[in-house]
Undergrad: 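Okay, here's the structure, questions in a sec.
All heavy atoms count here, side chains included; hydrogens, waters and symmetry mates do not. Residue numbers start from 1 in every chain, and the chains themselves are labelled A, B, ... in the order their sequence lines are given, proteins ahead of strands. Since we're looking at a predicted model, the values are computed, not measured.
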Amino acid sequence: MNFDFKGNKITATALLALALGVCVVAGREFAGNAEMDAVFPAEGFQKKMLSDYFGGLKGHPMDTPVFVQEGPEPGGSVLILGGTHPNEPSGYVSAALFLENARVARGRLFVIPFANASGFANTLAQEASPNRIRFAVLDGSVRTFRYGSRDTSPVVMWPTPDIYIHKSSGQELAGNESKNLNRAYPGDPEGTPVERLAYGIMELLRGERITLAFDLHEASPEYPVVEAIVAHERSLELAAAATMELIGQGIDMRLEPSPKNLHGLSHREWGDFTETMPILMESANPSQGRLRGRTDEALALSGRDKAYLKAAGLGRLFVPYDENGKPLEQRVARHVTAINVFLETLSLFDEPNGVSVENMPGYGEIVEKGVGAYLRKPNRESNGKPN
Amino acid sequence: MDWFWPEGFYALAMLAAFALGVFALSLPVAIAMCGSAVIGAALAGFGLPLRHLVEGMFGYIDTILIIATAMIFMNAVQSIGLMDAVAAWIIRRFRRSPFPLACGVMFLIMLPGMLTGSSTACCLTTGALVAPVLMKLGVPSEKTAAFIALGAVLGMVAPPINIPVMIIGGGIDMPYVGFAVPLLIATVPVALLVIAILALPHLRRNSAADPELERELERELARMEEVPLTARLFLPFVVLIVLMLGEQTLPGVFPSLGMPLQFLLASASAFLAGRRWNALESATDAVRDAIPVLGILMGVGMFVQIMTLTGVRGFVVVSALAIPSWLLYVSIATTIPAFGAISSFGAASVLGVPFILALLSRDQILVATGLALISGLGDLVPPTALAGIFAAQVTGVKNYFAVLKHCLIPSLAIALWGIAVILLANPLAALLR
């Protein structure tokens, strides 16, 4: 059979109208992802913007909220950074849990839930990621978070170079890494949008003299550095003690020293260019892996996937994996528990700079009751408005 | 059956829909790919997911812009007379020295790929420049195209810039350091083989003087030299090289314009050199020639997105990893080029990273080098076959399958050499230390 169509002005007009219609429908869905997710901070948090630390971000789409709570007793300062990679939900959901539950008894707690805000506005082409993940809150209402892209949005940063050269080290990486916040440190105040964002975070670390800083991530189960803590040499001793405590609590955790020849990453440059003790943590997220099967919201939430189950049987994964998958509750519980253990260990190692945070749920509580049990109702007003 | 159902069924249904569209209904490849993506999504219960179809296309937006603008550039440098003038100069100077000529031509073809990591850039710039030289010196057009296509693939693999290695390295946090010599080991022997198989026999035959042929060649050379070869005639290439190298050598100082704008600026500089040319006509011709390939890329983008959405991609990748260990190398040599039918960079990401993780006991730099060499072959696999299609275009060959036929044996050698580099990774690494 051979359909030999001859085009004319009418068919051309019809095709253009069809293309326009497709653009409008898809464009509306795309534009709907630009709105920031609402978070509802616990009492005591004050909202600032990253541009308060680096004016070059003021009014820029890369500017992002920073929440601060100061305890009644003096101590050190801790930063929790979520959303470096918006396709790694346990990072930003864990940060949101601290923001909505923490009561600081000593020192100061800084929380940036959506570090690369622009990356939440789009998903990566050909990854077929879900647009949103949803959680049922205790009163029956629903909280949603966007599932974004590892990279900065192309609306903010395009085109990208074919080769990304990390400025301070000269290291060469594939061009798409130029949009990756965790390859941009220590940043550049005059650089690309993501380099300016990285610089803003460095300015916060320096200006607030942050004692201990967490960068929360997820990795695919076939990646060697997964269910792991990566620590700069300055934080290695603290990380070793925390890792032993976590293993003692029945939470498997690897400890990896930050490679000295891999540049642009938080665990390397935060330590080299500020006085903070950097810690990067990775949980296992099948919905971002290369081996995953059907890609949808259910996979992002449950981490259950038959392709990963088969890969586990073949010995291709670096984490234990069974038919229960890697539920988001478990991944968030790992991050929250590990941060709590670090804070306790910090108070033992460096008493004057200790930070004490109360009211955070334990590992078993999050796994049993779910993340939604610790998120606030969406209609609740905090500091006047949802933030 | 549990493993096959339903993702294996979706995969077969999508392939069947594609084959039906292309062979039974004679639809353009792009439309057939789009149709098979729509059918795959519908079968998997996603209905007509417009968002996914549009998003999938955007996976190739940069490639599409590069191809369209590189085609305009090629058209511009042809129109000002540069191609003919350079070809005539090379023929006069080197036609009695076939081996240095063939090596020089191969290096010229590879150069843009070595600097940009793109095989398309090779075919459409220096590939187009040397094509008339080889054909005038007696290399048949189909073999000339195969020579250019293979040179382009080796150019994208050769150092200093190799994007598949960077993609694989990014997947395991391996810095792009220490790859120059391994990538030369991977590319130089096969480049010599390609010269020996496709070019040398014809160039040697032609170097023996024949008075009648000589007279004919002289007439042709005189026509090609209508525009004198001056330094100014090279302006578009100089502008292109300055823009490309400036970005890499002076990061932060030199603006990062992106390859499409670099090609357009270099094309604009052609107004200042050689014959006068009509920009609108050249751009229209170039985009008209490129449209079928651009359409294929859009169709492939939708196809990949739906493969990922429905779980077909994971099914394919884990099935490749499930092959018994003694067959692992066969799997590497076949599945990576086969996935390259969709995209060679995609193959490096989707299959290259799992394969390097399956080979952790071997030197990672050499393994990544071997995998990158094999993933380059993806640019010769239809329906995308970017290197094959554009090499056919610059040599005037109508059917690019005729070009791919001549690429078969050298491609097999490239795949075997890639596997050898992986198998010998540890001893080679010890030698290089």
Undergrad: Sort Ala26(A) into side chain, backbone, both or neither according to what part of it lies under 4.5 angstrom from a heavy atom of chain B.
TA: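 For Ala26(A), side-chain heavy atoms alone lie under 4.5 Å from chain B.
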Undergrad: Could you have a look at Asn122(A), Asn180(A), Leu299(A), Asn131(A) and say which one has the most heavy-atom pairs with chain B under 4.5 angstrom?
TA: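 Heavy-atom pair counts peak at Asn131(A).
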Undergrad: Sort out for me which residue in Val318(B), Leu351(B), Thr308(B), Val353(B) forms a side chain to side chain contact (heavy atoms under 4.5 Å, CB included) with Arg290(A).
TA: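 Exactly one pass, corresponding to Val353(B).
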Undergrad: Considering non-hydrogen atoms only, spot the tightest contact between Ala128(A) and Arg51(B) and give its length.
TA: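 So the two residues come closest at C-NH2, 4.5 Å.
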Undergrad: Counting only heavy atoms not in Arg132(A), do more than 12 fall under 6.0 Å of its CZ?
TA: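 More than 12 within 6.0 Å, yes.
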Undergrad: Indicate yes or no for a side-chain donor-acceptor contact from Gln126(A) to the backbone of Gln305(B) under 3.5 Å, with no hydrogens or angles considered.
TA: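 Between the backbone of Gln305(B) and the side chain of Gln126(A) there is no qualifying donor-acceptor contact (under 3.5 Å).
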Undergrad: Which one wins on heavy-atom pair count under 4.5 Å against chain A: Ser349(B), Gly117(B), Gly258(B), Pro354(B)?
TA: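 Greatest number of close heavy-atom pairs with chain A: Ser349(B).
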Undergrad: Are Val317(B) and Arg292(A) packed together at the side-chain level, in the sense that at least one heavy-atom pair is separated by less than 4.5 angstrom?
TA: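 Side-chain contact under 4.5 Å: no.
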Undergrad: Just so I understand: if I count every heavy-atom pair under 4.5 Å between each of Glu127(A), Glu195(A), Arg183(A), Gln171(A) and chain B, which residue has the most?
TA: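 Option with the greatest count: Glu127(A).
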Undergrad: Give the table of side-chain donor-acceptor pairs shorter than 3.5 Å for residues 307-320 of chain A, with sequence neighbours excluded, one pair per line with atom names and distance.
TA:
unit_1    : atom_1 : unit_2    : atom_2 : d
Tyr308(A) : OH     : Glu222(A) : OE1    : 2.7
Tyr308(A) : OH     : Glu222(A) : OE2    : 3.4
Arg316(A) : NH2    : Leu321(B) : O      : 3.1

Undergrad: Taking only residues two or more places apart in sequence or in another chain, which ones pass ring-ring contact (aromatic ring centres under 6.0 Å, His included) with Phe120(A)?
TA: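 Partners of Phe120(A) by the ring-ring contact (aromatic ring centres under 6.0 Å, His included) criterion, ordered by chain and then number, come out as Tyr92(A), Phe114(A).
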Undergrad: How long is the span from the OH atom in Tyr164(A) to the CE atom in Met166(B), to the nearest 0.5 Å?
TA: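 Separation between the atoms: 12.5 Å.
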Undergrad: Under 4.5 Å heavy-atom distance to chain B, tell me which part of Leu291(A) shows up: side chain, backbone, both or neither.
TA: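 Both backbone and side chain.
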Undergrad: With a 4.5 angstrom heavy-atom cut-off, could you sort out which part of Ser220(A) is near chain B: side chain, backbone, both or neither?
TA: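 Neither; nothing under 4.5 Å.
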Undergrad: Working to the nearest 0.5 Å, report the span between CD1 of Ile165(A) and OG1 of Thr249(B).
TA: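 If we round to the nearest 0.5 Å, Ile165(A):CD1 and Thr249(B):OG1 are 7.5 Å apart.
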Undergrad: Report the option among Asn261(A), Thr160(A), Ile163(A) that has the most heavy-atom pairs separated by less than 4.5 Å from atoms of chain B.
TA: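 Highest number of pairs under 4.5 Å: Ile163(A).
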Undergrad: With respect to chain A, which residue among Phe315(B), Phe46(B), Phe303(B), Phe58(B) yields the maximal number of heavy-atom pairs within a distance under 4.5 Å?
TA: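 Most heavy-atom pairs within the cutoff with chain A belong to Phe46(B).
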Undergrad: Under 4.5 Å from any heavy atom of chain B, what part of Pro130(A) do you find: side chain, backbone, both or neither?
TA: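 For Pro130(A), the backbone is the part near chain B, not the side chain.
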Undergrad: If we define contacts as heavy-atom pairs under 4.5 Å, which of Arg313(B), His52(B), Glu7(B) has the most with chain A?
TA: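 Looking at each of Arg313(B), His52(B), Glu7(B) in turn, Arg313(B) comes out on top.
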Undergrad: Where does Glu29(A) contact chain B at under 4.5 Å (heavy atoms): side chain, backbone, both or neither?
TA: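 Only the side chain of Glu29(A) comes within 4.5 Å of chain B.
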Undergrad: So which atom in Arg294(A) and which in Tyr10(B) form the shortest heavy-atom distance, rounded to 0.1 Å?
TA: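 Between these two residues, the closest heavy atoms are NH1-OH, 4.5 Å.
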Undergrad: At a heavy-atom separation under 4.5 Å, does Leu360(B) approach chain A through its side chain, its backbone, both, or neither?
TA: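 The side chain, not the backbone.
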Undergrad: If you count heavy-atom pairs within less than 4.5 Å of chain A, which of Ile161(B), Leu257(B), Ile163(B), Ile167(B) leads?
TA: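 The answer is Ile161(B).
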